[in-house]
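Report on one structure; see the data block that follows.
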Amino acid sequence: MLDLRSVIQDFDGVERRLSRRGEGAVATLRPVREMAIRRRELNVALEGMKKRQSEANARVGQLMRTDKAAGEAARAEARAIGDEVKGAEEELRRVEAAIEKVLLVVPNLPHDSVPDGKDEKDNVVVRTWGEKPRLDFAPKPHWELGESLGILEWPQASKISGARFTISKGAGARLERALASFFIDTHLSRGYREVLPPYLVTAETMTGTGQLPKFEEDLFRTQGETPLYLIPTAEVPVTNMHRDEILDPADLPIRYCAWTPCFRAEAGAAGKDTRGLIRQHQFHKVELVKFSRPEESMAELERMVDDAQEVLRRLGLHHRVVELCAGDMGFSAAKTYDLEVWLPGQEAFREISSCSNCEDFQARRIRVRTRGEGGKPRLVHTLNGSGVAVGRTVVAILEQCQQADGSVVIPEALRPYMGGLERIVPEKFPRGVER
RNA sequence: GGAGAGCUGGCCGAGCUGGUCGAAGGCGCCUGACUCGAAAUCAGGUGUACCGGCAACGGUACCGUGGGUUCGAAUCCCACGCUCUCCGCCA
């Protein structure tokens with residue numbers, strides 16, 4: 001959420017910065033100007049009224065003890081003021097609710113360093129790590145590899161859950177589990193604290209990080225009087241952990257890493273990436289979340305990108321870092337880097353991580369503060385990034401590490417987590433692996 | 001799921017026969033005095049948000065949340081949430 005005060009003080013400036021995200025973003029803000037002016041007028045008037053009211057009330061109290069008749073008269077007067085106050089309060093509440101409603105769907109302002117642009121075609125490649133693996137055969141897409149190896153299975157998944165689900169089996173299932181452990185261990189050694197949060201959260205929590213009210217259709221929701229939502233990313237529960245808290249500046253930055261399943265309805269994405277593991281209703285992700293002092297948040301973002309890159313480097317996966325343009329960034333982000341991993345089977349770089357600095361946009365919604373000079377409370381900055389998406393890493397390993405014979409060589413760093421397994425070869429054991 | 005108790009300032013804790021209560025007292029913290037210095041002691045200060053003001057300062061709101069009663073509510077009434085204890089159930 002943008003700061004109402006700075007919106008009022010510099011409406012044109014805010015509008016100009018917002019316009020870099022596109023016309024749609026600006027349109028969300030327009031109604032605020034008038035409403036804010038109205039709110040201010042009402043508030044000033046109301047405070048004057050309240051002052052008169054409390055004076056009148058004090059008179060009633062005093063007079064009632066001495067002069068009953070005069071007391072009754074004062075009481076009538078006080079009652080009239082009270083009615084006035086009630087009316088003004090109601091009006092003010094209405095205006096404030098209207099402002100809040102608008103402000104909740106206005107996206108964050110892009111940081112000045114963010115490149116201009118409309119969509120993903122305008123994103124800027126910052127650096128590339130490694131090289132395309134030299135394959136002297138026609139590389140297969142991961143879904144073919146997964147099926148022929150017997151480690152990824154779709155017909156059974158759609159039988160039990162419908163479209164966009166996968167069942168991993170044998171070495172495939174183990175690979176997911178190994179990657180998650182490997183990622184977490186790597187981040188722990190680099191200063192993050194592991195947390196295992198709830199996967200179901202309240203609407204308030206979803207609102208805090210910006211998923212609600214604007215993106216309800218992307219979420220799965222439970223039944224019942226007070227529904228809960230399945231988390232689309234661990235960013236949601238972990239960032240909300242410190243809601244309504246004032247964090248000790250000495251503790252900052254706080255760095256968390258969390259491994260969770262993620263659930264996404266993504267109703268609008270029908271027809272894209274229908275095959276394979278790329279776009280699923282459920283997947284695993286290791287998420288990095290930071291709470292930072294404002295002046296350090298951009299440096300922390302750079303470190304976070306490096307932390308995410310580190311796991312790909314250790315796995316030897318060819319990838320690049322992309323800086324998102326203003327038009328392609330997510331709702332809450334002030335600045336975002338994506339990590340894109342090379343997929344030979346599709347001859348394309350695909351997103352495997354997204355690291356964002358939300359600055360104070362989420363912190364304002366959820367009231368996470370720290371103390372600055374003189375002990376004054378001030379908002380922290382929040383950051384989040386994938387470190388990294390587990391399912392998509394499986395895709396990358398299958399496609400980048402595939403061999404001419406259809407087997408897949410497991411990256412060395414991962415082998416300790418795979419019981420020493422060096423290579424995935426076809427598995428066809430419905431009752432388990434024969435020993 | 002059932003029964004009971006409770007939710008007050010950074011913490012503990014009074015107030016809850018409705019009025020001047022942002023709220024006693026204690027702890028913690030800050031400043032000053034005393035001291036070579038420290039401890040102890042004494043004196044003073046010590047919440048957040050918003051509005052007005054260059055500032056000093058003034059005003060308004062906040063006693064779990066929301067609603068009600070009333071001229072006026074931390075105090076009375078209703079609903080909800082959360083915490084704790086006991087019982088039941090359970091991986």
Out of C71(B), U48(B), C50(B), minimum distance to the side chain of R39(A) belongs to C50(B)
Pick the C1' atom in G9(B) and in A5(B), then give their distance to the nearest Å.
23 Å
Without decimals, in angstroms, what is the distance between M49(A) CE and C51(B) C1'?
15 Å
Return the nucleotide paired to A24(B): Watson-Crick means purine N1 to pyrimidine N3 with N6-O4 or O6-N4, wobble means G-U with N1-O2 and O6-N3, both under 3.5 Å.
none
If you look at every strand shown and take non-hydrogen atoms under 4.0 Å, does V60(A) touch a base, only sugar-phosphate, or nothing?
base
Within this structure, what is the CZ-to-C1' distance between R367(A) and C50(B), rounded to whole angstrom?
15 Å
Give none if G1(B) has no partner; otherwise give the nucleotide forming a Watson-Crick or G-U wobble pair with it, both distances under 3.5 Å.
C87(B)
To the nearest Å, how far apart are D244(A) CG and C7(B) C1'?
16 Å
Taking only N and O in the side chain of S54(A), is any of them less than 4.0 Å away from OP1 or OP2 of U60(B)?
yes
Contact check, residues 75-84 of chain A vs RNA chain B, heavy-atom distance under 4.0 Å, returns R75(A), A78(A), R79(A)
Quick one: are F283(A) and F263(A) in side-chain contact, heavy atoms under 4.5 Å?
no
Can you tell me how far the CG atom of L152(A) sits from the CD atom of E147(A), to the nearest 0.5 Å?
8.0 Å
Which whole number of Å gives the distance between the P atom of A61(B) and that of A40(B)?
40 Å
C62(B) and A23(B), which share atom name P, separated by this distance in whole Å:
13 Å
Between E296(A) and R293(A), is the salt bridge (Lys or Arg N to Asp or Glu O under 4.0 Å) condition met? List the steps.
CA-CA 5 Å; E296(A) 287 159 7; R293(A) 290 189 200 89; 3.0 Å; yes
If you measure from the P atom in G37(B) to the same atom in G53(B), how many Å do you get, rounded?
47 Å
Would you tell me whether S297(A) and N357(A) have side-chain atoms, one donor and one acceptor, within less than 3.5 Å of each other?
yes
Does the S148(A) side chain pair with the main chain of L145(A), one donor and one acceptor, at a distance under 3.5 Å?
yes
Which is true for R40(A) with a 4.0 Å heavy-atom rule: it touches a base, it touches only sugar-phosphate, or it touches nothing?
sugar-phosphate
Going by atom types alone, do E204(A) and T202(A) pair a side-chain donor with an acceptor below 3.5 Å?
no
Pairwise C1' distance for C76(B) and G58(B), with rounding to whole Å
33 Å
Separation between the P atoms of G26(B) and G32(B), rounded to whole Å:
22 Å
Nearest-angstrom distance, C1' atom, A74(B) to G19(B):
13 Å
Tell me: CZ of R5(A) to C1' of C51(B), nearest whole Å?
10 Å
Return the value, rounded to whole Å, for the distance between atom CG of L92(A) and atom C1' of C50(B).
11 Å
How close or far is atom C1' of U60(B) from atom CZ of R52(A), stated in whole angstroms?
14 Å
In terms of relative ring orientation, are Y256(A) and H242(A) parallel, tilted or perpendicular, with 30° and 60° separating the classes?
parallel
With a non-hydrogen cut-off below 4.0 angstrom, is R369(A) in contact with a base, only sugar-phosphate, or nothing?
sugar-phosphate
Inter-nucleotide C1' distance (A33(B), C71(B)), Å rounded:
49 Å
Given atom CD of Q53(A) and atom P of A73(B), what is their separation to the nearest angstrom?
8 Å
